[in-house]
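Since the structure comes first, as structure tokens, the remarks are kept for the end.
These numbers come from the heavy atoms of this one structure, side chains and all, not from hydrogens, waters or symmetry mates. Since this is a predicted model, take the numbers as computed values, not measurements.
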Amino acid sequence: MPSKSSSQPSYNLSELLAVDYDLVMTLWNSAPGVRASEPRAEFARILLRNPGLSTVARVGNELAGAVLCCHDGRRGYLYHLAVAEKFRRQGIARALVDRSLSGLQKVGISRCTIFLVADNAQGKTFWQELGWFERTDLIAFAKDL
Ligand SMILES: CC(C)(COP(=O)(O)OP(=O)(O)OC[C@H]1O[C@@H](n2cnc3c(N)ncnc32)[C@H](O)[C@@H]1OP(=O)(O)O)[C@@H](O)C(=O)NCCC(=O)NCCS
């Protein structure tokens with residue numbers, strides 16, 4: 001994958017796998033604005049039900065970024081997008097999102113949604129810059145089972 005400038009190391013994208021659990025949880029939970037709380041078995045179940053959709057970026061052997069991606073047959077969802085601080089502003093998040101969205105398109109999903117922690121201004125700018133629109137017509141409700 002080309003990098004923006006020759007001084008920046010290139011990154012590789014691949015499928016996020018169950019064995020990446022510890023590394024990605026550490027990355028996600030070190031990123032303000034990301035709330036990743038899936039137990040290991042739930043994480044593995046999401047990946048099993050959504051083969052190939054979630055994406056990880058590595059620079060050499062180092063984890064640089066990751067996103068969890070799934071769908072319910074109608075809509076797609078991206079969760080926990082984060083890039084390690086030292087690898088930011090090199091297009092890695094954009095590439096993670098693009099790979100996962102292509103996967104959703106290939107299985108016939110025509111819209112993807114993300115949930116953003118309300119005070120994550122940096123995250124909001126990112127999604128807006130990528131052309132995502134804010135759903136001001138909806139309010140999310142939840143119920144614990
Ligand atoms: C948001 C985040 C994922 C962006 O990762 P990244 O790899 O640096 O993003 P990219 O390099 O792909 O940026 C793509 C575009 O988004 C915009 N953008 C990204 N970070 C930005 C920032 N901090 N401020 C303003 N614009 C930003 C820019 O337009 C950028 O393009 P440019 O570099 O050509 O100007 C990263 O900052 C991060 O992990 N933040 C903490 C976790 C988080 O907030 N996640 C999103 C919530 S779901």
Side-chain angles (χ1 to χ4, degrees), residues 1 3-4 8-9 11-145:
M1 200 64 57
S3 57
K4 271 187 178 176
Q8 291 169 336
Y11 57 87
N12 291 304
L13 300 180
S14 57
E15 177 179 359
L16 173 58
L17 301 173
V19 292
D20 297 317
Y21 178 80
D22 292 315
L23 278 177
V24 294
M25 279 294 174
T26 302
L27 169 73
W28 285 336
N29 287 314
S30 68
V34 174
R35 297 175 184 168
S37 59
E38 294 86 353
R40 192 181 297 271
E42 184 179 307
F43 178 78
R45 186 177 66 196
I46 296 166
L47 297 181
L48 192 65
R49 286 165 56 101
N50 297 277
L53 292 184
S54 295
T55 307
V56 65
R58 286 190 176 80
V59 174
N61 289 326
E62 199 172 348
L63 181 72
V67 67
L68 189 64
C69 177
C70 58
H71 71 85
D72 57 18
R74 179 170 182 263
R75 298 302 190 210
Y77 302 91
L78 296 179
Y79 292 102
H80 311 332
L81 174 70
V83 170
E85 254 185 81
K86 67 174 174 173
F87 296 122
R88 288 183 189 166
R89 301 307 288 266
Q90 300 177 35
I92 293 179
R94 186 192 292 273
L96 288 166
V97 170
D98 284 350
R99 183 188 174 281
S100 286
L101 292 187
S102 311
L104 286 173
Q105 271 187 306
K106 281 181 197 150
V107 294
I109 301 297
S110 59
R111 176 172 289 175
C112 186
T113 293
I114 61 109
F115 298 101
L116 190 65
V117 178
D119 65 359
N120 186 351
Q122 183 193 53
K124 187 171 180 177
T125 303
F126 170 80
W127 293 109
Q128 287 172 333
E129 286 295 322
L130 263 67
W132 291 55
F133 57 92
E134 186 177 353
R135 294 297 303 260
T136 53
D137 55 330
L138 298 177
I139 298 173
F141 281 78
K143 185 178 174 81
D144 291 331
L145 308 180

* Evaluate the side-chain contact (heavy atoms from CB on, under 4.5 Å) criterion for residues Thr113 and Arg135: first the C-alpha distance (whole Å), next the side-chain angles of each, then the deciding distance (0.1 Å), finally the verdict. => CA-CA 9 Å; Thr113 293; Arg135 294 297 303 260; 5.7 Å; no

* **Ser14 backbone acceptor or donor facing Thr55 side chain under 3.5 Å** => no

* Give a yes or no on whether Arg40 atom CZ has more than 12 heavy-atom contacts from other residues, nucleotides or ligands under 6.0 Å away. => yes

* **Shortest non-hydrogen contact from Leu96 toward Gly65** => CD1-C, 3.7 Å

* Return the minimal non-hydrogen interatomic distance between Ile109 and Arg111, and the atom names on each side. => CG2-O, 3.4 Å

* Which value, rounded to the nearest 0.5 Å, describes the distance between Ile139 atom CD1 and Thr136 atom OG1? -> 10.5 Å

* Between Trp28 and Phe43, what is the ring plane arrangement, given parallel below 30°, perpendicular above 60°, and tilted in between? -> perpendicular

* Taking NZ, NE, NH1 and NH2 as the nitrogens, is one of them in Asp72 or Arg74 under 4.0 Å from a carboxylate oxygen of the other? -> no

* Search all heavy atoms of Tyr11 against all heavy atoms of Gln90 and return the closest pair with its distance. => CE2-O, 3.9 Å

* Evaluate the criterion side-chain contact (heavy atoms from CB on, under 4.5 Å) for residue pair Leu78 and Trp132; output intermediate values, then yes/no. => CA-CA 12 Å; Leu78 296 179; Trp132 291 55; 3.9 Å; yes

* Indicate the atoms forming the closest heavy-atom contact of Ala44 with Ala18, along with that distance. => CB-CB, 4.3 Å

* Ser30 side chain to Leu27 backbone, donor-acceptor under 3.5 Å -> yes

* Check whether more than 12 heavy atoms from other residues, nucleotides or ligands sit under 6.0 Å from atom CD of Glu42, and answer yes or no. => yes

* Ignoring hydrogens and angles, tell me if any N or O in the side chain of Asn50 forms a donor-acceptor pair with the backbone of Leu53 under 3.5 Å. => no

* **Residue pair Gln105, Ser110: steps toward the side-chain contact (heavy atoms from CB on, under 4.5 Å) verdict** => CA-CA 6 Å; Gln105 271 187 306; Ser110 59; over 6 Å; no

* Distance in Å, Arg75 CZ paired with Cys112 SG, rounded so as to fall on 0.5 Å steps -> 10.5 Å

* Which atoms form the tightest heavy-atom contact between Ala31 and Arg88, and what is the distance? -> CB-NH2, 4.4 Å

* Asked: Would you say the side chain of Leu81 lies within less than 4.5 Å of the side chain of Ile114, judging by non-hydrogen atoms?
  -> no

* Greater than 12 external heavy atoms within 6.0 Å of Asp137's CG -> yes

* **Whether over 12 other heavy atoms sit under 6.0 Å from Arg35 CZ** => no

* To do: Output yes when Arg94 and Glu129 qualify as a salt bridge under the 4.0 Å nitrogen-oxygen rule, no when they do not.
  => no

* Structure fact -> Between Ile92 and Ala57, the two heavy atoms sitting closest are CG2-CB, 3.6 Å

* To do: State, yes or no, whether a side-chain contact exists between Glu38 and Leu68 at a heavy-atom distance under 4.5 Å.
  => yes

* Going through the distances and angles, do Asp20 and Leu63 end up as a side-chain contact (heavy atoms from CB on, under 4.5 Å)? -> CA-CA 9 Å; Asp20 297 317; Leu63 181 72; over 6 Å; no

